[in-house]
Amino acid sequence: MSAPDVVITLPDGAQKSVPAGTTVAEFVRTHIGAGLAKAALFARVDGVDVDLARPLDRSAQLAIFTAKNPESLELIRHDAAHVVASVVQRLFPGTQVTIGPSTDDGFYYDFARDKPFTPEDLELIERAANEEIKADRPFVRKEVTKDEALALFGGLGEKFKLEIIEDIFAKGATTLTLYSHGEWTDFCLGPHGPSTARVGVIKLLSVAGAYWRGDHRNAQLQRIYGTAFHTQKDLDAWVHQQEEARKRDHRKLGKELDLFAFHPAAPGAVFWTAHGTMIFTTLQYAMRRMCLANGYVEIKTPLLFNKMLWEKSGHWGKYRENMFLILDPEADPKLPEEERASFSLKPMNCPSHHLFFEMKRRSYRELPLRLHTQDVLHRNEATGVLSGLTRVRQFQQDDAHIYLMESQITDEVKRLTQLIAKVYQAFGLQFTAKFATRPENKLGDDALWDKAEAALKAALEETGLAYELKPGDGAFYGPKIDFDVADSIGRKWQLGTIQLDYLAPERFNLGYIGPDNAEHRPVVIHRAIYGSFERFIGILIEHFAGNFPVWLAPVQARLLPVAERHHAWAEEVQAKMLAAGLRVEIDRSHGKLGAMIRDAQLAKIPYALVVGDKEVEAGGVSPRKHGTGKEADLGLLALDAFLAQIGREAEIPY
RNA sequence: GCUGGCGUAGCUCAACCGGUAGAGCACCUGACUUGUAAUCAGGAGGUCGCGGGUUCGAGUCCCACCGCCAGCUCCA
């Protein structure tokens with residue numbers, strides 16, 4: 001009895017009729033062509049990714065993916081994770097497998113093994129994995145029942161797999177999909193490529209600890225990171241690109257350009273050099289100016305507070321681990337530290353702003369009251385998370401707390417997102433927005449959270465900004481919108497944030513007198529645009545690769561006198577530029593011009609100004625823009641003309 | 001905090017199987033007075049992260065601590 005026909009629609013609209021049950025591979029071979037049949041890696045049937053061996057059992061839209069489609073990288077990396085896990089279990093018997101997904105630019109696989117994998121082990125595994133690829137073993141798909149799955153992985157002694165199987169069936173699955181290549185079997189949703197040979201080439205990158213199910217109370221596993229590409233050439237190109245990205249690393253550039261330093265005596269706290277400080281204070285000034293232009297006032301509050309404040313704000317209960325405590329010398333040394341503590345350095349500005357708000361009677365006419373602060377904060381971060389400027393223990397935020405009426409929330413959030421977008425665009429930074437809801441470790445009842453989340457979400461949607469949902473990622477006092485920017489090696493960092501807080505006004509018993517002459521409770525928005533100056537500068541260093549725009553460059557121009565007789569004119573030019581508020585220095589070394597140019601280039605100074613006989617005679621300078629090639633040399637310019645040009649570039653763009 | 005790796009001159013990096021710590025750049029001195037990415041010569045610079053141990057002898061091997069790097073947990 002022949003199967004009924006099904007109609008397959010291709011992306012170009014063409015339709016083919018084939019007997020139901022024809023596999024995708026057969027279909028491609030007979031109805032499209034041998035070339036594509038050979039190149040195909042997986043298929044998409046009605047939007048669902050499937051293996052080529054899948055039968056077409058109903059009429060559907062069909063698209064075929066090959067190595068030319070970017071989507072296929074994710075597939076071969078998932079294949080690669082299976083290949084790596086199979087050779088690890090062969091080379092290191094007794095190792096248990098857990099999970100192994102693909103990531104943005106590779107994959108990882110988490111293993112449970114008593115002994116750590118050494119770098120030498122990784123080499124061994126990588127070699128064996130690439131041999132497994134060459135062995136060209138087909139990926140075979142099979143569906144089994146829960147009992148079959150439990151029997152299979154139970155027989156192999158895979159405890160973690162058994163746990164996952166229980167979960168999958170508890171969530172309502174009726175079967176489990178197995179994928180085997182050679183003797184080795186794992187389960188996953190798939191799809192996989194036709195065979196291991198199609199993976200291309202695998203490179204293992206590192207081994208690191210990871211917790212089972214991401215919970216630090218669970219067993220620690222060993223995570224092997226790797227990546228895979230269709231060809232060695234693609235892999236080489238990626239490796240080269242990674243090396244280039246590492247040259248932008250702010251920790252490296254910070255040293256080379258002499259912007260900041262760290263000392264073991266103060267881990268996680270920055271020493272800013274004269275150059276770094278210039279960037280820092282320029283950003284501070286720019287933000288102050290913008291805040292003043294947008295209805296904020298700047299205030300300063302104490303750094304050190306009695307713990308009574310933190311008890312009131314809730315930080316004592318929810319955030320104490322991250323706070324630097326000052327112990328009372330009189331207290332009984334046998335008591336635990338938190339009981340001996342009398343004061344703490346502030347980890348956030350909000351509680352002190354709330355105190356400031358309640359220091360006097362407030363009127364509805366003052367709202368929204370926007371308090372801006374750039375005070376120093378301290379957070380006792382775990383040693384392992386410190387990282388250059390992006391994660392520190394002492395930092396300053398461009399922080400603000402906005403006290404307003406509920407009816408003003410939408411408008412204020414819209415204004416804020418516009419402000420944030422404006423600042424990021426001035427730097428050319430690409431950002432993504434995330435909406436984070438109540439965390440497990442939260443303060444306040446669900447009714448308050450429902451209200452805060454709904455209000456913030458409604459305001460966010462009014463702005464029309466695309467956003468990602470992050471359930472459980474909110475602050476302990478309220479939901480938030482975070483703005484993330486990626487660093488040079490693709491790690492995402494949170495910079496700006498908008499947080500809605502109904503709770504603090506309750507805890508601090510904040511009130512304002514409304515038009516009805518009655519007392520009302522305000523709402524608070526916590527917000528930062530740069531996030532922290534430290535992290536923001538770290539991101540900027542990488543974003544610009546150290547080539548700061550003129551307005552932000554620590555040194556905006558360097559004068560290069562060709563010979564000693566030109567120093568007098570160089571000094572005159574410098575005096576004029578300094579008077580115009582520009583940052584300019586003179587190279588007094590006795591090098592050749594070529595050497596001075598090279599030094600200025602390496603220091604990434606926006607303008608090198610050559611002054612020699614011609615310039616002295618003409619009363620001008622010959623600027624050379626930072627960069628390479630002939631176009632960098634701007635030729636002889638009258639001093640006024642150059643001052644006008646650099647003056648425009650020195651203006652703050654927001 | 002956890003897992004793994006690393007720590008030699010201001011910077012970048014050498015130093016074999018345990019046997020007297022070295023280079024380039026930067027710095028200082030002198031000569032050169034220079035036109036768009038490196039002038040030449042000389043000099044100075046080290047508690048090999050810190051502390052213990054093994055050894056006739058430790059930068060090298062072992063232990064503990066500090067810091068840094070990657071990842072995890074956590075976060076601006």
Side-chain angles (χ1 to χ4, degrees), chain A residues 108 110 116-119 121-122 205-225 249 251-252 255-256 258 261-268 319 321-322 347-348 377 379-393 395-399 439 441 473 475 480 482-485 489 491 493-497 499 526 528-536 538-539 560-566 590-602 608-615 622-630 632-636:
Chain A
Y108 64 80
D110 286 349
F117 291 113
T118 65
D121 292 341
L122 279 198
L205 302 170
S206 63
V207 58
Y211 298 102
W212 169 236
R213 304 202 148 164
D215 190 324
H216 69 279
R217 290 164 300 196
N218 288 344
Q220 182 140 29
L221 308 171
Q222 294 186 65
R223 175 171 298 179
I224 293 180
Y225 280 90
D249 189 317
R251 291 163 296 193
K252 186 174 155 69
K255 217 179 261 181
E256 286 171 7
D258 196 23
F262 288 93
H263 193 278
Y319 205 74
E321 264 193 6
N322 284 296
M348 299 183 190
L377 304 175
R379 295 186 189 174
N380 195 2
E381 302 288 353
T383 52
V385 307
L386 300 178
S387 175
L389 293 178
T390 41
R391 194 74 183 271
V392 290
R393 287 193 174 135
F395 60 103
Q396 282 165 264
Q397 293 181 317
D398 60 325
D399 206 0
N441 183 29
D473 228 15
K480 56 180 186 168
D482 282 339
F483 296 85
D484 286 2
V485 173
I489 54 173
R491 291 183 296 200
W493 294 97
Q494 182 192 324
L495 300 181
T497 183
Q499 311 177 350
H526 308 240
I529 297 178
Y530 298 149
S532 81
F533 287 92
E534 285 76 3
R535 179 175 291 178
F536 194 69
I539 293 290
L560 312 182
V562 175
E564 235 161 293
R565 64 177 179 277
H566 307 121
H590 290 190
K592 286 193 165 178
L593 182 62
M596 291 193 284
I597 297 263
R598 180 182 145 84
D599 288 346
Q601 286 288 321
L602 292 178
L609 306 176
V610 177
V611 289
D613 290 337
K614 278 190 300 186
E615 288 75 18
S622 290
R624 186 187 203 281
K625 267 194 109 125
H626 174 66
T628 51
K630 280 201 186 94
D633 185 356
L634 302 186
L636 181 60

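All values below were derived from every heavy atom in this structure, side-chain atoms included, with hydrogens, water molecules and symmetry-related copies excluded. Here is how names work: the chains are called A, B, and so on, in the same order as the sequence lines, proteins then strands, and each is numbered from 1. Bear in mind that the values here come from a model prediction, so they are computed numbers and not experimental data.
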Start at the 5' end of RNA chain B and walk down; is the nucleotide closest to A:V610 or to A:T383 reached first? A:T383

Scan A:G388 against the nucleic acid and name what it touches under 4.0 Å (heavy atoms): base, sugar-phosphate only, or nothing. sugar-phosphate

Please check the phosphate of B:rU12 (OP1 and OP2 only) for any side-chain N or O of A:K255 closer than 4.0 Å. yes

Would a 4.5 Å heavy-atom cut-off, applied to side chains only, mark A:Q601 and A:H626 as touching? yes

What is the distance, to the nearest angstrom, from the CE atom on A:M596 to the C1' atom on B:rG35? 9 Å

So what does A:L560 touch, heavy atoms closer than 4.0 Å: a base, only the sugar-phosphate, or nothing? nothing

Within the pair A:Q601 and B:rA37, is there a side-chain N or O less than 4.0 Å away from OP1 or OP2? no

Could you tell me how far B:rG7 sits from B:rC13 if I compare only their P atoms? Round to whole Å. 11 Å

OP1 or OP2 of B:rG35 versus the side-chain N and O atoms of A:R624: is any pair under 4.0 Å? no

Applying a 4.0 Å non-hydrogen cut-off, can you work out what A:N322 is touching in the nucleic acid: base, sugar-phosphate, or nothing? nothing

Between A:K480 and A:D473, is there a salt bridge with N-O shorter than 4.0 Å? no

Watson-Crick and G-U pairing of RNA chain B written in dot-bracket, each distance under 3.5 angstrom, with | for inter-strand partners: (((((((..((((.....[..)))).(((((.......))))).....(.(((..]....))).))))))))....

Mind checking A:G594 for me? I need base, sugar-phosphate or nothing, with any heavy atom below 4.0 Å counting as a touch. sugar-phosphate

Side-chain heavy-atom pair A:V485, A:W493 within 4.5 angstrom cut-off: no

Could you check whether A:W493 and the base of B:rA76 form a stacked pair, meaning centres closer than 5.5 Å and planes differing by less than 30°? no

Report yes if a donor N or O on one partner sits less than 3.5 Å from an acceptor N or O on the other, where the partners are the side chain of A:Y211 and the base of B:rG1; otherwise report no. yes

At under 4.0 Å between heavy atoms, what does A:I597 touch on the DNA or RNA strands: base, sugar-phosphate, or nothing? base

Of A:D473 and A:P119, the one whose closest nucleotide on RNA chain B sits nearer the 5' end is A:P119

At under 4.0 Å between heavy atoms, what does A:F117 touch on the DNA or RNA strands: base, sugar-phosphate, or nothing? nothing

Which is it for B:rC69, anti or syn, if anything within 90° of zero counts as syn? anti

According to a strict under-4.0 Å criterion, is A:T497 in side-chain N/O contact with OP1 or OP2 of B:rA76? no

Is A:S622 touching bases, backbone alone, or none of the nucleic acid, heavy atoms closer than 4.0 Å? base

How many angstroms lie between atom CZ of A:R393 and atom CD of A:E534, to the nearest 0.5 angstrom? 14.5 Å

Can you check the distance between B:rG4 and B:rA9, where both ends of the measurement are the P atom (answer in whole Å)? 27 Å

P-based separation of B:rA15 from B:rC32 [nearest Å]: 41 Å

Assign A:R535 to base, sugar-phosphate, or nothing according to its heavy-atom contacts below 4.0 angstrom with the strands shown. base

Does A:K592 make a side-chain N or O approach to OP1 or OP2 of B:rC40 shorter than 4.0 Å? no

Within the 4.0 Å heavy-atom criterion, would you say A:K480 contacts the bases, only the backbone, or no part of the nucleic acid? sugar-phosphate

Under 4.0 Å between a side-chain N or O of A:R251 and OP1 or OP2 of B:rC68? no

